[in-house]
Amino acid sequence: VLDLVIRGADVVDGTGRPRRRADVGIRGGRIAAVGRVDDPTRHTVDAGGLVVTPGFVDIHSHFDAQALWDPALTPSCFHGVTTTVSGNCGFSIAPLGHGGSEADYIMRMLARVEGMPLESLRASGPWDWSTTAEYFDRLRGQLAINLGVMVGHSAIRRLAMGDAATERASTPAELEVMKAALRLGLEAGGLGLSSSWGPVHDDGDGRPVPSRFAAREELVALAEVCGEFAGTSVEFMPPDPEHWTPDQCDLMCTLSTVARRPVNWNLMRVTESTRARAEELLRTGTEAAARGGQVVALMMPMPSGARYSLRTGFVLDMLPGWGPVLALGLEDRMAALRDPEVRRRLTAESAPGGLSDWGAKVVCEVVAEANRPYVGRLVRDIAAEKGTTPLDALLDIAGRDELRTTFVQARPDLSDADWSAMRDVWRDGRAVIGGSDAGAHLDFTAYFGYPVYLIEMAVRRWNVVELEEAVHQLTSVPARLYGLVDRGVVATGACADLVLLDEAAVASGPLETRFDLPAGAGRLYGEPSGIEQVVVNGEVLVERGRLTDARPGQVLISGRDTAGTELAAPISGASRGGAPKEVRLI
Ligand SMILES: [Zn+2]
């Protein structure tokens, strides 16, 4: 007897092959049959007119903490995500030191670097695990979607070095401790090593995060440890994700060749006008292949719709002169931003255009009643009306909201030429769609909805690809990169992670701030339309936009739930990436 039969849907199976009408029978969490299914079944879903696809695989999220209080990892589950990989960019929350001794540092770091409200992290129950294995035990049986977790470089460096982790290079003895912690984490099932030399990654004290103090040799030694464990990967945020540099290219190729594992790096956006620069960045993938490695870029198929706020100051603190002002406590910061002298100085120091083009910002959300009329308006227009400069206009609005105002850069929608450029890049194999950062930057970005957005825009609106190709890119391509066993396809024997969607109706919904995090903190939130049902490991998790109380998710274990990420031995003479460079501190 089958547990569930989905009857009469068009099956878009994730391989990219054309759809076919078929029933999908499910038993014991797996797909038992695809075709005509006449076996008796406990439950039947009549899916005529709908499309069934594999569940979407989001390989770059930061749900490590959210998994403690929100087992379905909302809102990603509503967007059809059934499997996600967290612990990226070096920021896993395990290991955590004896009895969770590093919890305070890690929480403050996450609050700063990943935009998770500190009060929510602190209210999420005791962070008292020591090891990755103990953290996994905490999650087991609780999850509603599948979660794989990387072992984060900053976590193990903090464990090995304490405060010195954000002061200097490691000693050989400290590196040995890091390697041991990494081995323990990978033995427990961590999916690989994650790290960052990303320029915006600072900790709760405003210092660069621990991994940014690592010498090249430290990173390479840790990547090498990954090579001891089957089914692992390396994820890395390079120091200059916007430009190709020889050092950066060599480093990423070397990480791959010493680990003999794929390296993925974040983050790349491609539009028609940036296609040439993307090609430059993708050269790292070509170079890696020539050396017997594999390096792929994560490409986010959504325009940067980052919501800025002077309350968090994230990214804005990179602007010349703004760092010290935004580092002030709230009262002092508000006073400084009211001060005409400070405003004059900030204006004088800013470079023209780009992020500091205040006139080109659009007001998104406000708190004060007096600010309501400005929602959705260009700051330039507001300033013209008031007879002030755009910066003055924006700071006046933000001041009335105790700096809670959020605003975005005004941008035209992506065109069909932009989508064609993206399509050409994902077809070429050196980039994989991903990089949502879901679970992070909670008041700042909303890329969690990228699977639905991709289908809505690339398939429905601009018609640059068929649904089959979009689904392939959202499922089996990322699943293959991480070696996820039996996921990312609809096939007999595969895990029954499925999305039932109404192709004509799939669309991103509106965004709003919801105050549903622990301790009442807010986050940007949105649910799509057209996702009729989401099935995880054979159990229905989402039914027409509502969660069931099923908890079918699994903690994915490397070497068991992943396999086949091993690359052949590197091409001789290139295995070490040439002579080691001098110790580098960023
Ligand atoms: Zn990240």
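When the ring pair (Phe, Tyr, Trp, His ring centres under 6.0 Å) test is applied to His472, no partner is found at least two apart in sequence or on another chain. Here Ala288 pairs with Cys253, Val295 under the side chain to side chain contact (heavy atoms under 4.5 Å, CB included) rule; sequence neighbours left out. The ring pair (Phe, Tyr, Trp, His ring centres under 6.0 Å) check on Tyr482 picks up nothing, with sequence neighbours excluded. With sequence neighbours excluded, the residues satisfying salt bridge (Lys or Arg N to Asp or Glu O under 4.0 Å) with Arg283 are Glu280. Residues satisfying the salt bridge (Lys or Arg N to Asp or Glu O under 4.0 Å) test with Arg427, not counting sequence neighbours, are Glu469. Asp428 pairs by the salt bridge (Lys or Arg N to Asp or Glu O under 4.0 Å) definition with Arg430, not counting sequence neighbours. Applying the salt bridge (Lys or Arg N to Asp or Glu O under 4.0 Å) criterion to Asp424, with sequence neighbours excluded, gives no partner residue. Residues passing the side chain to side chain contact (heavy atoms under 4.5 Å, CB included) test with Leu222 are His153, Ile156, Leu175, Met178, Lys179, Leu182, Leu193, Glu218, sequence neighbours excluded. For Ala297, the side chain to side chain contact (heavy atoms under 4.5 Å, CB included) partners two or more places apart in sequence, or in a different chain, are Trp265, Met268, Leu282, Ala431. For Thr565, the side chain to side chain contact (heavy atoms under 4.5 Å, CB included) criterion is met by Ser233, Arg261, Pro262, not counting sequence neighbours.
Leu474 places none of its side-chain heavy atoms less than 4.5 Å from the side chain of Thr53. Met299 has its side chain out of reach of Arg269: every pair of non-hydrogen atoms, C-beta onward, lies at least 4.5 Å apart. The shortest distance between side-chain heavy atoms of Leu267 and Tyr447 does not fall below 4.5 Å. Inter-residue side-chain proximity for Val465 and Val459 is flagged as met; some heavy-atom pair is nearer than 4.5 Å. A heavy-atom distance below 4.5 Å is found between the side chains of Met457 and Trp419. When side chains are defined from C-beta on, Leu524 counts as touching Thr513, because their heavy atoms get closer than 4.5 Å. Residues Asp203 and Val113 have side chains not in contact (no heavy-atom distance under 4.5 Å, counting atoms from C-beta outward). Taking 4.5 Å as the limit, some side-chain heavy atom of Thr562 sits within range of a side-chain heavy atom of Ser558.
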Anything under 3.5 Å between a donor and an acceptor, one on a side chain of residues 486-494, the other on a protein residue two or more places apart or in another chain? List them.
residue	atom	partner	partner atom	Å
Asp486	OD2	Arg30	NH1	2.6
Arg487	NH1	Asp497	OD2	2.7
Arg487	NH1	Asn537	OD1	3.0

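In this structure, a donor-acceptor pair under 3.5 Å is absent between the side chains of Asp247 and Thr245. Using a 3.5 Å distance cut-off with no hydrogens or angles, the side chains of Glu456 and Ser508 do pair a donor with an acceptor. Side-chain contact check for Thr74 and Arg523: at least one donor-acceptor pair (N or O, by modelled atom type) lies under 3.5 Å. Using a 3.5 Å distance cut-off with no hydrogens or angles, the side chains of Asp58 and Ser436 do pair a donor with an acceptor. Residues Asn88 and His62 bring no donor and acceptor atom of their side chains to less than 3.5 Å of each other. Between Ser86 and Ser61, the side chains place a donor N or O and an acceptor N or O closer than 3.5 Å (distance only, hydrogens not considered). A side-chain donor-acceptor contact under 3.5 Å links Arg291 and Thr254.
Between Trp358 and Phe407, the angle of the ring planes goes over 60°, which puts this pair in the perpendicular group of the 30/60° scheme. Using the six-membered ring where Trp is involved, Tyr525 and Phe448 have ring planes that are tilted, between 30° and 60° apart.
No donor-acceptor distance shorter than 3.5 angstrom exists from the side chain of Glu532 to the backbone of Leu50, with no hydrogens or angles considered. Side chain of Thr83 to backbone of Asn146: no donor-acceptor contact under 3.5 angstrom is found. Looking only at distances, no side-chain donor or acceptor of Gln533 sits under 3.5 Å from a matching main-chain atom of Val542. Judged by distance alone, the side chain of Ser476 and the main-chain N or O of Gly14 form a donor-acceptor pair under 3.5 Å. In this structure, the side chain of Lys361 engages the main chain of Leu355 through a donor-acceptor pair within 3.5 Å. At least one donor-acceptor pair closer than 3.5 Å links the side chain of Arg423 to the backbone N or O of Val464. A donor-acceptor contact shorter than 3.5 Å links the side chain of Ser154 to the backbone of Ser211. In this structure, the side chain of Arg460 does not engage the main chain of Ile455 through any donor-acceptor pair within 3.5 Å. Side chain of Ser92 to main chain of Gly152: a donor-acceptor pair is present (N/O by atom type, distance under 3.5 Å, no hydrogens or angles).
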Give the C-alpha distance, both sets of side-chain angles, the deciding distance and a yes or no for side chain to side chain contact (heavy atoms under 4.5 Å, CB included) between Thr84 and Val57. CA-CA 6 Å; Thr84 186; Val57 178; over 6 Å; no
May I have the step-by-step check of side chain to side chain contact (heavy atoms under 4.5 Å, CB included) for Ile59 and Leu298, ending in yes or no? CA-CA 9 Å; Ile59 52 175; Leu298 292 190; 3.7 Å; yes
Should Val375 and Glu365 be marked as a side chain to side chain contact (heavy atoms under 4.5 Å, CB included) after you check the CA-CA gap, both sets of side-chain angles, and the distance that decides it? CA-CA 6 Å; Val375 171; Glu365 288 189 295; over 6 Å; no
Decide yes or no on side chain to side chain contact (heavy atoms under 4.5 Å, CB included) for Ile26 and Leu498, but give the supporting numbers first. CA-CA 11 Å; Ile26 295 163; Leu498 301 166; 3.7 Å; yes
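In this structure, Arg404 is not positioned above the aromatic face of Phe515 in the sense of NZ or CZ being under 6.0 Å from the six-membered ring centre and within 45° of the axis.
Going from atom CG of Asn266 over to atom CZ of Phe236 covers 10.0 Å, rounded to the nearest 0.5 Å. Put simply, OG1 on Thr232 and CE on Met150 are 8.0 Å apart, with the number rounded to the nearest 0.5 Å. For the atom pair CG (Leu511) and SG (Cys364), the distance works out to 9.0 Å, reported to the nearest 0.5 Å. With values rounded to the nearest 0.5 angstrom, Trp69 atom CH2 is found 5.5 Å from Ser120 atom OG. With rounding to the nearest 0.5 Å, the separation of NE2 in His79 from CD1 in Ile531 is 8.5 Å.
Residue pairs meeting the ring pair (Phe, Tyr, Trp, His ring centres under 6.0 Å) criterion with at least one partner in residues 281-318, sequence neighbours excluded, are Tyr308-Phe444, Phe314-His441, Phe314-Phe444.
Between Asp13 and Arg20 there is no salt bridge, since no side-chain nitrogen of the basic residue lies less than 4.0 Å from a carboxylate oxygen of the acidic one.
If you run side-chain contact (heavy atoms from CB on, under 4.5 Å) between Val51 and each of Val11, Val471, Leu467, Val506, only Leu467 comes through. Here the options are Leu567, Val234, Asn264, Thr284, the test is side-chain contact (heavy atoms from CB on, under 4.5 Å), and the partner is Ser256; only Leu567 passes.
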